[in-house]
Amino acid sequence: MIFLAQNLTFLAEVVMNLSAINPYVRVAMQSILKPHHEIKRRIIFDYELIYLEWGSLIFTYADREYHCGQGDFLFIRPGIPHSFHCGEEEVSQPHIHFDLFYTADSSRVPVSFKDLCELSSLEKSYLREDFFSSYPPNPFIIFPDKKRFDELFYPIVTDAPDVSPLAKKALLMQLLDILIHENFPASLSLPPKDGYTVLHQLKDYIDAGQGITMTLNDLEKQFNYSKFYLEKRFKKLYGTSLITYRNQKRMELAQQLLKTESVSAVAYRTGYSSIYSFSRAFKQHYGYCPSELKK
């Protein structure tokens, strides 16, 4: 994976330009696998959406093993190693390989069945950017409305003669709209034109004392961005981790409040469970106890 880190410009470093999405359907097909069928460890150049109609398989994704069964939706991202083998019965797994953005070489790029170390230099150049790399590698995704999924998915994979390539692209666009909204919501927000990004909003929010008691999970929900994305981008922009910055502002607020309020009141106002835990954190930060400051 060192090659990927050094040679791919992962666009999760910036927010996805939704208006530019232009998917290219590479392969769309019904597929029934025989019992004990196996695909050895590989990476793919593009994205793959799989629906398990029936049967079960053991799926290894980013070196973690998952047991997948009927009704599961799997989403494989570019450059992430994976393999699978079927159990004692057939597995029906209609699937779509696609590029999220059409490029000049989209029609020439094949479906890969090789591991990264087996790829030629030319094949490595086929790797697409992973626009969701700020999210942990997990193959499972959700589609809450199964009926709507069927309406969009099956006309693409069944190769119906009355569904044109342009119509398939339109159907895939609608599938992607649901997929991204339900599974990768942080990819949806566009950076404001004036440069006032979510990172600036987050810093201002904490500076105003609004986020000093919030966890990363709380901030993720508040700003509708992955906590991993927020942590990574905040540290890159401001040179300190998000939690370290939050704790610093928490202590600064506590110091100001102690001028007019009791230690117990300040401990409560700044989100500590007890005076003891507050006093210990305060002393670690400033080198003296809150009670000494009061004196």
Side-chain angles (χ1 to χ4, degrees), residues 1-10 23-70 72-133 135-141 153-154 156-159 165 168-169 172 175-176 179:
M1 299 302 292
I2 293 176
F3 173 86
L4 295 180
Q6 292 179 341
N7 293 278
L8 285 182
T9 306
F10 284 120
Y24 172 79
V25 180
R26 178 160 289 106
V27 171
M29 62 185 293
Q30 293 271 17
S31 178
I32 297 179
L33 307 176
K34 294 181 179 180
H36 307 294
H37 181 83
E38 180 179 26
I39 287 188
K40 297 180 180 179
R41 180 184 166 102
R42 67 167 181 172
I43 60 101
I44 56 175
F45 305 130
D46 51 7
Y47 296 93
E48 183 178 10
L49 174 62
I50 302 173
Y51 174 56
L52 289 181
E53 283 186 314
W54 71 75
S56 62
L57 52 83
I58 296 176
F59 190 69
T60 303
Y61 191 69
D63 298 320
R64 182 176 176 183
E65 189 174 282
Y66 300 88
H67 291 260
C68 309
Q70 182 176 348
D72 283 338
F73 302 98
L74 304 178
F75 185 57
I76 306 175
R77 288 152 39 185
I80 297 181
H82 60 276
S83 63
F84 67 79
H85 64 270
C86 304
E88 301 290 334
E89 56 184 345
E90 288 185 338
V91 175
S92 177
Q93 51 110 43
H95 59 277
I96 305 170
H97 276 272
F98 63 92
D99 288 347
L100 203 54
F101 297 86
Y102 178 82
T103 59
D105 67 344
S106 285
S107 62
R108 301 193 301 271
V109 173
V111 173
S112 171
F113 290 93
K114 297 180 181 179
D115 201 356
L116 180 64
C117 61
E118 301 171 327
L119 299 179
S120 67
S121 297
L122 175 61
E123 289 170 326
K124 287 177 181 178
S125 73
Y126 293 153
L127 280 164
R128 274 41 187 147
E129 293 88 352
D130 181 3
F131 285 82
F132 311 109
S133 64
Y135 284 83
N138 186 321
F140 293 108
I141 55 172
F153 181 75
Y154 281 102
I156 302 174
V157 300
T158 54
D159 200 24
K168 287 185 178 182
K169 176 177 286 193
L172 181 55
L175 265 181
L176 289 173
L179 187 154

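Positions are given from 1 along the sequence.
Partners of F45 under the ring-ring contact (aromatic ring centres under 6.0 Å, His included) rule, at least two apart in sequence or in another chain, are Y126. For H82, the side-chain hydrogen bond (donor to acceptor under 3.5 Å, both in side chains) partners are R42, not counting sequence neighbours. By the ring-ring contact (aromatic ring centres under 6.0 Å, His included) test, F153 is found to be paired with F149, residues two or more places apart in sequence or in another chain being considered. Applying the ring-ring contact (aromatic ring centres under 6.0 Å, His included) test to F140 and every residue at least two apart in sequence or in another chain returns Y66. Under the side chain to side chain contact (heavy atoms under 4.5 Å, CB included) criterion, P23 pairs with I21, K169, L172, M173, L176, sequence neighbours left out.
Between Y61 and F59, the two ring planes are parallel [angle under 30°; tilted spans 30° to 60°].
Every pair passing salt bridge (Lys or Arg N to Asp or Glu O under 4.0 Å) that includes a residue from residues 77-90 is listed here, sequence neighbours excluded: R77-D130. Sorted by first and then second residue, the salt bridge (Lys or Arg N to Asp or Glu O under 4.0 Å) pairs involving residues 108-121 (not counting sequence neighbours) are R41-D115, K114-E123. Under the salt bridge (Lys or Arg N to Asp or Glu O under 4.0 Å) criterion, the residue pairs touching residues 95-106 are R26-D99, D99-R128, D105-R128, with sequence neighbours excluded.
Residues C68 and L74 share a closest heavy-atom pair of SG-CD2, 4.0 Å. Shortest non-hydrogen contact noted between P137 and I80 is CB-CD1, 4.0 Å. Here the shortest heavy-atom pairing between V111 and V27 reads CG2-CG2, 3.7 Å. When every heavy atom of L119 is checked against every heavy atom of S112, the shortest pair comes out as CD2-OG, 4.2 Å.
Side chain of H37 to main chain of P35: no donor-acceptor pair is present (N/O by atom type, distance under 3.5 Å, no hydrogens or angles).
Checking Y47, F131, Y24 one by one against F101, the ring pair (Phe, Tyr, Trp, His ring centres under 6.0 Å) holds for a single residue, F131.
Atom CD of E129 is separated from atom CG of L127 by 9.5 Å, given to the nearest 0.5 angstrom. For the atom pair I141 CD1 and F132 CZ, the distance stands at 9.5 Å (nearest 0.5 Å). A distance of 12.5 Å separates CD1 in I39 from OG1 in T60, rounded to the nearest 0.5 Å. For the atom pair SG (C86) and CD1 (I32), the distance works out to 11.5 Å, reported to the nearest 0.5 Å.
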Report task. Go through V157 and I96 one step at a time and tell me if the side-chain contact (heavy atoms from CB on, under 4.5 Å) criterion holds. Result -> CA-CA 7 Å; V157 300; I96 305 170; 3.6 Å; yes
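A heavy-atom distance below 4.5 Å is found between the side chains of S31 and Q93. When side chains are defined from C-beta on, L175 counts as touching I156, because their heavy atoms get closer than 4.5 Å. A heavy-atom distance below 4.5 Å is found between the side chains of M29 and H95.
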For residues 49-58, which side-chain N or O atoms pair as donor and acceptor with protein atoms under 3.5 Å away, sequence neighbours left out?
residue : atom : partner : partner atom : Å
Y51     : OH   : K146    : NZ           : 3.4
E53     : OE1  : S92     : OG           : 2.5
E53     : OE2  : Y154    : OH           : 2.5

